[in-house]
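Computed from heavy atoms alone, side chains included, the values below leave out hydrogens, waters and symmetry copies.
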Amino acid sequence: MRGIVEGIDWADLPLGTILTAYDVEEAKEAFRSCKVHILLSDIDMPDHNGIQLLRWVKEVSPETETIFLTGHADFAYAQQALQLDSFDYLLKPIDHRHIKSTLRKAIEKIRSEERQREFHRTYEYYYQQWNKQLPILIERFWQDVMNLRIPLGAAPLENAYSLYGIPLTAEDRVRIVLISVEAWNEALTTRDEEIMTYAIKNAGEEIILKQLRGQVIQEASGVLLAIVYAPTPEDRATLGESCKLFIEMCRSYLHSEISCYVGEPVDVRDVHGAVRQLFALERNTLCRGGSVIWQVEEQEASAAFAFQPSFQDWAVLLESDKSQELLLRMDAGFRQMEKAGADAYLLEGYYHGLAYMVYDVLQKKSISMKEVYRDADRRDAGSIVRSVSRLREWAVPFVRQAADYIQGHNKAVSAFTQKAIRYIEAHLAEDIHRDDLAKHVYLNPAYLSRLFKKETGLSITDYILEARVAKAKPMLESTGLKIGEIAAAVGYDNFSHFTKMFKKATGLTPIEYRRIYQRVES
């Protein structure tokens with residue numbers, strides 16, 4: 001071993017201290033005094049052999065790589081060395097260049113494993129941070145759902161559920177419980193109320209959701225809402241008893257009078273409307289403290305008939321280039337009206353309210369109506385308000401046209417996105433690829449993807465899907481075209497693929513959608 005230490009030029013190897021040991025005991029002392037990365041050892045040593053040393057090293061320094069040197073071509077030794085995961089087994093006499101080559105490989109393996117360990121340490125740290133923030137992220141997700149700030153198609157929902165570990169599928173429904181703090185039994189400051197509201201929120205998660213899956217969140221106005229995941233008919237009794245216990249616990253320990261307004265199970269896309277209905281139910285219920293109020297079919301229908309969009313809020317969204325959120329709110333409202341069977345009076349009020357809202361926004365921005373609506377729908381109001389589907393057919397393009405014009409004149413950077421959108425709309429019947437869009441707008445494909453997602457709230461793929469579905473809907477509603485013909489018209493050569501993608505976006509197959517909406521029309 002001395003010949004190796006003194007005979008090899010170590011200068012071109014990235015090594016620090018080189019230690020030598022006469023026997024196993026001296027080697028162990030070396031390991032105890034400092035960290036050893038590589039052990040270059042004979043098999044034969046006084047008193048003990050190298051295999052025995054390797055067993056000890058694997059226990060006290062498992063990251064050390066061991067290279068054996070021996071003059072005996074004994075297979076039993078080699079087999080034991082391999083079983084103990086030694087790095088290499090070299091037979092004497094050995095060329096010094098061979099030893100250095102083996103050492104370089106061992107050094108590279110050590111560095112690679114250290115990089116992996118460092119990565120895993122970093123990952124573990126951020127994974128722990130992510131888990132700490134996860135309840136906040138889940139709460140923010142549900143706030144976005146309730147305020148229609150994110151796309152609510154099947155694919156985006158599935159992605160969000162997977163990301164946040166929410167035990168739901170796109171087909172699952174939820175039940176909303178509005179937790180109404182009606183009175184405090186102690187005089188509290190504003191800060192005290194915030195602290196106690198936080199305590200009530202935690203108590204809600206522990207008691208209301210003890211036997212059910214879900215999340216309690218705080219809505220933007222400060223109201224607490226419990227979201228029960230995938231409720232079953234059997235859960236109703238459990239939920240009722242949990243709400244009663246929660247009310248008693250809040251009265252006894254948190255000095256507050258609470259009522260729970262329990263909604264009916266709804267599709268996640270309808271959560272916005274369901275929450276509004278519960279607020280209306282709370283507003284119209286004359287009781288004080290300690291009640292569990294269940295939303296019944298008549299109340300739900302009544303709330304739906306009383307649906308009145310907040311055109312003032314919608315105007316703010318239109319002015320601030322948040323057209324995607326506005327269109328999502330409109331879509332939720334139309335679905336709500338369709339379920340309730342809205343009458344002509346409601347449809348006419350919606351028509352005039354929406355038209356005035358858009359005109360008012362454009363006037364504030366000194367934008368000419370003629371410039372925006374050169375090719376506008378010229379049908380009279382009486383024709384448009386004959387059904388919910390006809391009103392939607394007019395309203396969505398009417399708002400989108402104004403929003404596109406405002407966006408194009410507010411931000412020069414949006415010209416790229418607008419150009420990409422126009423290309424998509426003009427080529428919906430074709431196979432559209434991201435690279436084609438990028439070439440069309442003269443941008444890097446990755447940059448275009450980020451820009452498009454930032455400005456529309458959707459990936460290019462999801463936007464194309466929504467555009468195709470939006471084009472297919474009126475064709476399903478008002479034409480007798482075969483499903484295969486409609487699929488081809490919106491860019492799907494494969495009938496089954498069209499059916500799958502349509503259901504992902506709407507929750508219905510094309511046939512189911514046509515059956516429902518043609519029945520509504522008639």
Could you list the residues that satisfy side chain to side chain donor-acceptor pair (under 3.5 Å) with R121, not counting sequence neighbours?
E118
Crowded around K322 NZ? As in, over 12 foreign heavy atoms under 6.0 Å?
no
If only atom types and distance count, is the side chain of S291 paired as donor or acceptor with the main-chain N or O of S259 below 3.5 Å?
no
Without swapping roles, check the side chain of R392 against the backbone of D331 for a donor-acceptor pair under 3.5 Å.
no
Report the residues that fulfil side chain to side chain donor-acceptor pair (under 3.5 Å) with R434, sequence neighbours left out, ordered by chain and then residue number.
S449
Tell me, please, which residues at least two apart from H440 pass side chain to side chain contact (heavy atoms under 4.5 Å, CB included).
K419, Y423
Can you name the residues that form a side chain to side chain donor-acceptor pair (under 3.5 Å) with T499, not counting sequence neighbours?
none
Can a side-chain donor-acceptor contact be found between T232 and D235 if the only test is distance below 3.5 angstrom?
yes
Could you tell me if the ring centre of F398 sits under 6.0 Å from that of Y373?
yes
Mark yes or no for whether H272, through its side chain, and M146, through its backbone, hold a donor-acceptor pair below 3.5 Å.
yes
Could you pull out every donor-acceptor pair under 3.5 Å between side chains of residues 123-138 and any protein atom, sequence neighbours left out?
| from | atom 1 | to | atom 2 | distance (Å) |
| --- | --- | --- | --- | --- |
| E124 | OE2 | Q128 | NE2 | 3.2 |

More than 12 heavy atoms of other residues, nucleotides or ligands under 6.0 Å from NZ of K201: is that the case?
yes
Extract all donor-acceptor atom pairs below 3.5 Å that involve side chains of residues 161-172 and protein atoms in other chains or at least two apart in sequence.
| from | atom 1 | to | atom 2 | distance (Å) |
| --- | --- | --- | --- | --- |
| T169 | OG1 | E171 | N | 3.4 |
| T169 | OG1 | D172 | OD2 | 3.3 |
| D172 | OD2 | T169 | N | 2.8 |

Would you check if the side chain of E466 reaches a backbone N or O of A505 as a donor-acceptor pair within less than 3.5 Å?
no
Sequence neighbours left out, what passes ring pair (Phe, Tyr, Trp, His ring centres under 6.0 Å) with F498? Give chain and number order.
Y492, F502
S459 and T461: side-chain donor and acceptor closer than 3.5 Å?
no
Whether the side chain of R175 engages the backbone of G263 through a donor-acceptor N/O pair (distance < 3.5 Å, no angle test) should be reported.
yes
Within a reach of under 6.0 Å around CZ of R117, are more than 12 heavy atoms found that belong to other residues, nucleotides or ligands?
yes
Counting C-beta onward and ignoring hydrogens, is there a side-chain heavy-atom pair between L281 and Q277 closer than 4.5 Å?
no
Partners of E108 by side chain to side chain donor-acceptor pair (under 3.5 Å), sequence neighbours excluded?
R115
Mind telling me whether Y350 and F334 have parallel, tilted or perpendicular rings, with 30° and 60° as the class edges?
tilted
Would you check if the side chain of R269 reaches a backbone N or O of T506 as a donor-acceptor pair within less than 3.5 Å?
yes
Taking only residues two or more places apart in sequence, or in another chain, which ones meet K109 in a side chain to side chain contact (heavy atoms under 4.5 Å, CB included)?
E65, F87, E113
Would you please name every residue forming a side chain to side chain contact (heavy atoms under 4.5 Å, CB included) with Q116, sequence neighbours left out?
F119, H120
Any pair counted as ring pair (Phe, Tyr, Trp, His ring centres under 6.0 Å), so long as it reaches residues 199-242, sequence neighbours left out:
W142-Y229
Check each of I486, T509, L508 against R514 using the side-chain contact (heavy atoms from CB on, under 4.5 Å) test, and report the only one that passes.
I486
Does any N or O in the side chain of Q295 come within less than 3.5 Å of the main-chain N or O of E264, such that one atom is a donor and the other an acceptor?
yes
Is a donor on one side and an acceptor on the other found under 3.5 Å between the side chain of N202 and the backbone of A199?
no
Scan residues 204-215 for pairs that pass side chain to side chain donor-acceptor pair (under 3.5 Å), counting only residues two or more places apart or in two chains.
none
